[in-house]
Amino acid sequence: MAATLDILDARWSKGRPSFSFEQWKALLHVATHLESEQLRQIAIANIESLELSPLSAVLLGRKYDVPMWMSTGCIGLCMRRKPITAEEGSHLGFELFADLVCIRESAKGRPCDRCRNWTISLTCTLCHESTKETVAAAVARLLSNPKLFRAGLSFISSSDIEERARESSVISGSSEGKVWTIRKKYRSK
């Protein structure tokens, strides 16, 4: 509470004072609790300028309802070279951890969007194109509707849609230039 009062008491006329991450986080907490949108925006802008780690962005985004932090944090966790650790997974929760690992792994084991070269990394070894757009689209779908994402959303090429539609009942569509399908599995009796 003292950190929040320090920020509120600061004289903004002589330029922007520098406060610690903990002080800005305390202001965000109080502003969210009091539903003060103006103070929230000040705290959010200043916390963003401190360059959060991907894990911190996800955790703070979830706690204080800042969707952009959730999105950038999830993308950051999926795109970095280092795998998501068990300790980070315990902070994220099992479902989000599993979803991010799924996105990360599916982005690795697919053809490059640019040159169609199969790659096992997050950057194509042939043309050096990043899979960031693919990961960002998957994260956006995950955050907008986790149940739909977990129902079996996967990227497939447009040429495969007709073949798979003949094989089984599917729902398909496109989003941001990517073609997707949801596979429905039925049991025969």
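Treat the numbers as computed from the prediction; the structure is a model and nothing was measured.
- Pairs engaging residues 48-61 under the side-chain hydrogen bond (donor to acceptor under 3.5 Å, both in side chains) rule: E48-W69, S53-S56 [sequence neighbours left out].
- Remark: K25 NZ to K63 NZ distance equals 6.0 Å, nearest 0.5 Å.
- The shortest side-chain heavy-atom distance between N46 and F19 does not fall under the 4.5 Å cut-off.
- A donor-acceptor pair under 3.5 Å links the side-chain atoms of S144 to the main chain of A140, judged by distance alone.
- Put simply, OG1 on T134 and CD1 on I103 are 11.0 Å apart, with the number rounded to the nearest 0.5 Å.
- Separating the CG atom in L55 from the CD1 atom in I84 is a distance of 9.5 Å, to the nearest 0.5 Å.
- Annotation: the span from R104 atom CZ to R80 atom CZ amounts to 7.0 Å, rounded to 0.5 Å.
- Nearest heavy atoms, S71 versus V139: O-CG1, 4.0 Å.
- Scanning for salt bridge (charged side-chain N to carboxylate O under 4.0 Å, His left out) contacts around R40 gives E37, with sequence neighbours left out.
- Between F21 and L60 the shortest side-chain heavy-atom distance falls below 4.5 Å.
- Taking the side chain to side chain contact (heavy atoms under 4.5 Å, CB included) definition, one finds that K132 meets it with I75, M79, S130, sequence neighbours left out.
- Between the side chain of R62 and the backbone N or O of D65 there is no donor-acceptor pair closer than 3.5 Å.
- Using a 4.5 Å heavy-atom cutoff, the side chains of V58 and L100 are not in contact.
- Of the inter-residue distances, the one linking D99 atom CG with C74 atom SG reads 9.0 Å to the nearest 0.5 angstrom.
- In terms of hydrophobic clustering, with Ile, Leu, Val, Met, Phe, Trp and Tyr side chains grouped at heavy-atom distances under 4.5 Å, L142 and M68 are assigned to different clusters.
- Heavy atoms only, all atoms of each residue included: G73 and A57 are closest at CA-CB, 3.9 Å.
- To the nearest 0.5 angstrom, E22 atom CD is 13.0 Å from L27 atom CG.
- The nearest pair of heavy atoms linking Q23 to S20 is OE1-N, 2.8 Å.
- Side chains of L92 and L77 form a contact here, defined as non-hydrogen atoms less than 4.5 Å apart.
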